[in-house]
Visitor: 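The structure that follows is given in the form of structure tokens.
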2 protein chains.
Amino acid sequence: MFKKKNISLAVIRRLPRYLRYVEDLLNHDVMRISSSELSQRMGYTASQVRQDFNNFGGFGQQGYGYNTQVLYENLVKILGLDRHFKMIIAGVGNLGQALANYTNFYKKGFRLVGLFDVDPQKVGRSIRNVEIKHINKMREFIKKNDVDIGVLCVPADVAQEVANLMMEGGIKGIWNFTAKEIDVKDDVVVENVHLIDSLMVLSYRLNEKLIEKENADQK
Amino acid sequence: MFKKKNISLAVIRRLPRYLRYVEDLLNHDVMRISSSELSQRMGYTASQVRQDFNNFGGFGQQGYGYNTQVLYENLVKILGLDRHFKMIIAGVGNLGQALANYTNFYKKGFRLVGLFDVDPQKVGRSIRNVEIKHINKMREFIKKNDVDIGVLCVPADVAQEVANLMMEGGIKGIWNFTAKEIDVKDDVVVENVHLIDSLMVLSYRLNEKLIEKENADQK
DNA sequence: TAGATTGTTAATCGATTAACAATC
DNA sequence: TAGATTGTTAATCGATTAACAATC
């Protein structure tokens, strides 16, 4: 598939959202959608929708709109979801277990092939038929199985150390759930999920409203 | 505290990251930092750091830089972390349990006061001294205890329904972990954590690299 | 005082929106 | 064909960066 270079991250971050909406349309047997209707549902402008899609070479049709199925297939391809990436989770605490049990990831092509922890109580147990191994086996496992994605769910103070192990094994992407920023080699992709940051943004916005209210009350 | 209106979301989303870096400085007894050094550590420009802070009224000193402690206290205040928001979790599955066990949230002033589920096996049990109650008690609980934040960890198909219950109870903010977008009243703040979206962005970037590589190999 | 670094204005860059010709 | 809607260029808007006077 042809692909223009330098798509901005702003566009890329909207793509999964498009996919979710288009999936929803398909589930409701809507086989056709215009940029203006899709934009209304999603809270974007029609212009933005068309600009976004045209970054990847226009899969609409003048006078008609977008065929939902075609749109869906293109988004899947653009997002690389037809690749079936192999994934391991390091740190099988509450969060690691939660992620291991997420069946949604499997549906999108992400294959959980390994779980790693240091706790001897956990090593040997299995989640969804994937055995928990000791983390000192992780590096070789990544190498041998050509694992793509490492999910980092370990305590913050060992985040960098475990990330290093992953990279030594040849991991290509790290999905980082720790509160730490990790340093990676140039060719490794990191996607951060800083839950505490998200909660603080919520706090900011709640606080903002409370201040507004207090100011209004004083008048 | 005086507060300018209309700070852009781009700025707000950087604030928690500033806070984490400043905390780190304090932990290492760094009592003073210039915009240029902080920007280098964080990968921003010095200009951006100064612009960001000046949205909230400049707490630096010419010729000196920023006092780390003062900076920290300001960020805490700006983010509303001195408020101690009350929080409940709806849906005590793997993810709900993981979040309930996160002690980091408590340290930032978020108080877990309730857990709710429909599973009779779970109702009555406790996590960190918070009892799991049936979700049909949630609305009254929110009202009675003046709960601020509702964490939505329920299955996607009941997301809107449970969000509605929260709003009927008078919740002020919803932290949404479901893959669904939820409709809320104007005065309710929603912060989404779409894990699958984040994973898809990682997939996009991995796929991008693979395509590059394939193209290079063909030459 | 001299040096350093902020606060702030101006310039640039990039992303979003508007407009419209192309075309199904 | 006429109507609709895309693809794409141009205009606008907003965010980031650069520059420098203010001042500690």
Side-chain angles (χ1 to χ4, degrees), chain A residues 1-18 21-22 25 30-75 78 201 204, chain B residues 1-18 21-22 25 30-75 78 201 204:
Chain A
M1 186 185 50
F2 175 73
K3 192 177 220 171
K4 267 195 241 166
K5 288 300 304 277
N6 296 328
I7 311 293
S8 85
L9 198 61
V11 175
I12 296 164
R13 293 213 174 275
R14 281 194 291 272
L15 294 176
R17 195 151 178 268
Y18 282 120
Y21 272 85
V22 171
L25 291 172
V30 179
M31 297 319 285
R32 170 186 166 178
I33 188 96
S34 68
S35 59
S36 75
E37 205 193 324
L38 184 57
S39 68
Q40 263 172 356
R41 288 177 189 239
M42 297 183 68
Y44 298 154
T45 63
S47 253
Q48 180 157 68
V49 170
R50 293 203 296 277
Q51 288 278 28
D52 282 350
F53 291 167
N54 266 81
N55 281 306
F56 306 97
F59 18 81
Q61 203 170 310
Q62 277 115 324
Y64 175 86
Y66 299 86
N67 176 296
T68 320
Q69 185 65 34
V70 170
L71 191 49
Y72 172 78
E73 282 160 16
N74 273 282
L75 286 168
I78 290 164
V201 171
Y204 175 95
Chain B
M1 185 185 49
F2 174 73
K3 192 176 219 172
K4 266 196 241 164
K5 288 302 304 276
N6 296 329
I7 312 292
S8 85
L9 198 61
V11 175
I12 296 164
R13 292 211 174 276
R14 281 194 292 271
L15 295 176
R17 195 150 178 268
Y18 283 119
Y21 273 84
V22 171
L25 291 171
V30 179
M31 297 318 285
R32 170 186 166 179
I33 188 96
S34 68
S35 60
S36 75
E37 204 194 324
L38 184 58
S39 70
Q40 263 172 357
R41 289 177 188 241
M42 298 184 68
Y44 299 155
T45 64
S47 253
Q48 180 157 66
V49 170
R50 293 204 295 279
Q51 287 278 29
D52 282 350
F53 292 167
N54 265 82
N55 281 307
F56 306 98
F59 18 83
Q61 202 170 308
Q62 277 114 326
Y64 174 87
Y66 298 87
N67 176 295
T68 321
Q69 186 65 36
V70 170
L71 190 50
Y72 173 78
E73 281 160 16
N74 273 283
L75 286 168
I78 291 164
V201 171
Y204 175 95

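First the proteins, then the strands, lettered A, B, ... as listed; each starts at 1.
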Visitor: Hey, could you give me the CG/OH distance between Leu75(A) and Tyr204(B), rounded to the nearest 0.5 Å?
Guide: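 The distance works out to 11.5 Å.
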
Visitor: What are the 5'-most and 3'-most nucleotides of DNA chain D lying under 4.0 Å from any heavy atom of chain A?
Guide: dA4(D) to dA10(D)

Visitor: Roughly how far, to the nearest 0.5 Å, is the CD1 atom of Ile78(B) from the CG atom of Leu15(B)?
Guide: 6.5 Å

Visitor: What dot-bracket string describes DNA chain C from 5' to 3', counting Watson-Crick and G-U wobble pairs whose defining distances are under 3.5 Å, with [ ] for crossing pairs and | for pairs to another strand?
Guide: ..||||||||||||||||||||||

Visitor: Taking atom types as modelled, is there a side-chain donor on Ser36(B) or Ser34(B) under 3.5 Å from an acceptor on the other?
Guide: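 Side-chain D/A pair, Ser36(B) to Ser34(B): present.
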
Visitor: As an exercise, state the distance from CG of Asp52(B) to OG of Ser8(B), rounded to the nearest 0.5 Å.
Guide: 8.0 Å

Visitor: Please enumerate all residues that pass ring-ring contact (aromatic ring centres under 6.0 Å, His included) together with Tyr44(A), with sequence neighbours excluded.
Guide: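 For Tyr44(A), the residues satisfying ring-ring contact (aromatic ring centres under 6.0 Å, His included) (neighbours in sequence not counted) are Tyr18(A).
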
Visitor: Do Val49(B) and Met42(B) come within less than 4.5 Å of each other through their side chains, counting heavy atoms only?
Guide: no

Visitor: What distance separates Leu38(A) CG from Leu25(A) CG, expressed to the nearest 0.5 Å?
Guide: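 Answer for the CG-CG pair, Leu38(A) versus Leu25(A), is 6.5 Å.
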
Visitor: For DNA chain C, which residues in residues 34-51 of chain A have a heavy atom at a distance below 4.0 Å?
Guide: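 Thr45(A), Ser47(A), Gln48(A), Arg50(A), Gln51(A), in order of number.
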
Visitor: If I compare all heavy atoms of Arg32(A) with all of Gly63(A), which pair ends up nearest, and what's the gap?
Guide: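 Smallest heavy-atom distance, with atoms named: NH2-O, 4.2 Å.
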
Visitor: Which pairs, with at least one residue in residues 61-72 of chain A and sequence neighbours excluded, count as a side chain to side chain donor-acceptor pair (under 3.5 Å)?
Guide: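 The answer is Gln69(A)-Glu73(A).
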
Visitor: Using a strict heavy-atom distance below 4.0 Å, which residues from residues 59-72 of chain B are in contact with DNA chain C?
Guide: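 Of all residues in residues 59-72 of chain B, the ones placing a heavy atom under 4.0 Å from DNA chain C are Phe59(B), Gly60(B), Gln61(B), Gln62(B), Gly63(B), Tyr64(B), Gly65(B), Tyr66(B).
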
Visitor: Contact between Val11(B) and Phe56(B) at the side-chain level, heavy atoms closer than 4.5 Å - yes or no?
Guide: yes

Visitor: With heavy-atom distances below 4.5 Å as the criterion, would you say the side chains of Phe53(B) and Asn74(B) are in contact?
Guide: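 Heavy-atom side-chain distance check fails, nothing below 4.5 Å.
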
Visitor: Is it the case that the side chain of Arg14(B) and the backbone of Gln48(B) share a donor-acceptor pair, with hydrogens and angles ignored and the cut-off at 3.5 Å?
Guide: no

